[in-house]
Amino acid sequence: MSVRVRFAPSPTGYLHIGAARSALFNWLYARHMGGKFLLRIEDTDLQRSTDESTRSILEGLAWLGLDYDEELVFQSDNAPKHRAAALRLIEEGRAYRDFTPKAERTDSNIKQEIAERARAHSATGFDHRSNPFRDLSKEESDRRAAAGEPFAVRLKVPREGSSRFTDAVYGEQERDFSEIEDLVLLRSDSHPLYNLSVVLDDIEMGITDVIRGQDHLTNTHKQVLIYDALGARVPRFAHLPLILAPNKAKLSKRKHGEVVSLTTYRDRGFVPAAFRNFLALLGWSPPEGKEIMTKEEMIENFSLEAIGRANAVFNFSETDPRQWTDAKAIWMNAEYIRTMPMQDLLPMVRAELESSKLWRDEYADEKQAWFEKTVDLIRQRFFTLKDFSGQGRAYFADDFEMDEAAVKKNLKKEPRLKELLPALAERMEKVEPFTVETSEAALRDFAESTGVKAGLLINAARTALTGQSVGPSMFDVFAAIGRERSAQRLRRAAEII
RNA sequence: GGGGCAUUGGUGUAACUGGUUAACACGCCGCCCUCUCAAGGCGGAGAGUAGGAGUUCAAGUCUCCUAUGCCCUACCA
């Protein structure tokens, strides 16, 4: 039977990087096995689900290059079926109606409330399995239901024995039934609950392998119970270690902000392939330690067996803007930018320039050769696509900022530059043709004849032409900026000394 | 309170069924290159594998205890 996996996010906000990684692993597994990767939007939480969130999830997956097969499934569409299944379970005696009035929860410190309840129960010797309605006669139950009394539907968890399954990552899992409460399948307002819905949808979608976050590991036992009650075949499970914040705390939007959102990486100039590659390394270690991988290599090498069990820390600093996200992610992006095929990079640079109003149609036309050469030149020391419009602005526009420190260090420190720069400009204007070699020869010649070090002029020129103290080899810059604009900028720099 | 899972340098990971000085990547430091900054090359610091006990000729690898973290314990997903 061919593999069918799914990614099932709930549309309650942006796409979290942890969820994105789950999607990636599912996708890799499906592609590796020659199976299908399906997408299901778990929008059963009507209050919190939004269309905007669904859109952003779809966008995020597309950005990462994770294409899904078949029709997109919306869980809410299946609610009637889920309800019917729960009711059927009552008929079969595998579930029962619980007429206990619904307890109101404050929702704020729900975790604490649950823990306290459990503590109280264990102190009084109360058994959570002693639900008085579990053994209510069928007739009595039907009668009260017919009379319109509201009820929740609970699964009848067997009294004796234990639930077990083998997790592809975590190994053998066992949990005694005594630790599992008769879980609610259907709320008293007839709204189907998560555990029921996932199972039913996974069955209907023919899911063979469930790959998801480790936070569902203990829930899986409940789901196995539901599969059994339904008489359905239990899929293979593979739980993924979690991605944690630097202090090993849970990574959350409220506490950690935009670093956890996938769209942040798109907006801040990440190359999709680079981020995908980085994400793949969180929890999975490719064979032979080859970390930089093309999409094809990743698919080829992927296996559930090579996934680790310990949670990974997403390392970033909340105070240092240079370490706003994991250093390895930044390195990976730079690595991709400077080594990826130009044909793949060019459209991304174009998009970046367009969005910052630096794009000119001639770059795709008569100046295409110049454009490609320039991008190839400056990509070497860029970290994100944003750098093409930021640090790289001087190559595409005449209005660029002069870095104060650079001006001080390379221009103002030597007063003689006020005269030297215009003279150099004049000298450069005579160079024909104006190339890397000829500009270098001219500058060095000029330095010698005026008795100053070439380095002084080179560094001054760098700041004059680009506004910065760092950048590519200066003669490449001269050639890229061109003779006239170079001369112009040398003179303009002299004015501010 | 109960239960599950995890724990290898700062971070991500490796180390076949226990077997030489615990490996790789990122980060950090230094040198080389050099017009700057990167890249690249070379080298270095940094863990004795959470702590403790045990099994063994031999343990990161097996057992137990403790600690810590995460998750579950909901008519949330």
Side-chain angles (χ1 to χ4, degrees), chain A residues 8-10 12 42-45 48-49 98 100-103 105 107 110-111 113-123 128 150-154 167 170-171 173-176 178-181 183-189 191 193-195 197-198 213-222 239 241-242 244 246-250 278 281-286 288-292 308-316 323 326-332 334-335 338-339 380-383 406 409-410 440 443 453-463 468-475:
Chain A
S10 49
T12 54
E42 304 214 321
D43 55 349
T44 49
D45 189 334
R48 291 193 299 158
S49 299
D98 181 352
T100 309
K102 185 184 175 188
R105 296 207 177 276
D107 205 61
I110 188 88
K111 300 268 183 193
E113 205 174 300
I114 292 164
E116 269 161 25
R117 190 190 64 154
R119 212 165 303 149
H121 282 182
S122 71
H128 64 69
F151 60 87
V153 178
R154 284 184 187 271
D167 189 90
Y170 288 93
Q173 299 295 315
E174 183 174 4
R175 197 173 179 194
D176 203 278
S178 66
E179 284 153 20
I180 306 174
E181 192 173 18
L183 57 140
V184 173
L185 266 19
L186 218 57
R187 264 202 244 160
S188 47
D189 62 2
H191 179 79
L193 255 24
Y194 172 75
N195 286 120
S197 295
V198 242
Q214 189 230 54
D215 46 345
H216 289 289
L217 190 62
T218 27
N219 272 332
T220 305
H221 290 287
K222 295 182 192 169
H239 286 86
L242 268 19
L244 269 23
N247 57 358
K248 290 191 188 286
K250 193 174 181 175
F278 169 74
L281 262 21
L282 250 29
W284 173 53
S285 58
E288 336 239 307
K290 189 175 186 298
E291 296 196 325
I292 301 277
R309 279 175 281 271
N311 292 339
V313 170
F314 189 61
N315 200 19
F316 61 93
Q323 299 289 321
D326 197 292
K328 192 155 182 174
I330 296 174
W331 166 80
M332 184 78 75
E335 176 71 16
R338 67 175 169 260
T339 62
Q380 299 304 326
R381 54 213 82 202
F382 284 174
F383 288 93
K409 175 165 160 268
N410 291 336
E440 170 155 20
L443 184 142
K453 278 191 177 167
L456 174 74
L457 296 171
I458 288 169
N459 288 328
R462 175 154 27 242
T463 300
Q468 294 160 8
S469 63
V470 301
S473 167
M474 196 51 212
F475 304 106

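Protein chains get the first letters and strands the later ones, always in sequence-line order, with residue 1 at the start of each.
Under the 4.0 Å criterion applied to side-chain N and carboxylate O atoms, A/Asp189 and A/Arg187 are assigned as salt-bridge partners.
Within 4.0 Å of A/Gly213, counting heavy atoms only, lies no atom of the nucleic acid at all. Counting any heavy atom pair closer than 4.0 Å across all strands shown, A/Tyr170 reaches sugar-phosphate atoms only and no base atom. A/Pro101 comes within 4.0 angstrom of a nucleotide base, judged by non-hydrogen atoms across all strands.
Scanning atom types as modelled, one donor and one acceptor separated by under 3.5 angstrom connect the side chain of A/Glu291 and the base of B/G12. The base of B/A77 sits within donor-acceptor range of the side chain of A/Asn219, with an N or O pair under 3.5 Å.
Residues A/Tyr170 and A/Pro241 meet the side-chain proximity criterion, which asks for heavy atoms closer than 4.5 Å.
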- Contact letters for nucleotides 31-49 of chain B, in which S counts primed atoms plus P, OP1 and OP2 and B counts the base, heavy atoms under 4.0 Å: ----BBBBS----------

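Contact check, A/Lys222 against B/U73: a side-chain N or O comes under 4.0 Å of OP1 or OP2. At B/A77, one or more side-chain N or O atoms of A/His191 fall inside 4.0 Å of OP1 or OP2 (strictly under the cut-off). Remark: A/Arg175 is not in phosphate contact with B/C72, judged by side-chain N or O atoms under 4.0 Å from OP1 or OP2. Side-chain N/O atoms of A/Ser285 include one lying less than 4.0 angstrom from OP1 or OP2 on B/A14.
The two residues A/Val184 and A/Ala152 come nearest to each other via the heavy atoms CG1-CB, 4.3 Å.
With a glycosidic angle further than 90° from 0, B/G43 counts as anti.
Judged by closest nucleotide on RNA chain B, A/Leu281 is the one of A/Leu281 and A/Lys248 placed further toward the 5' end.
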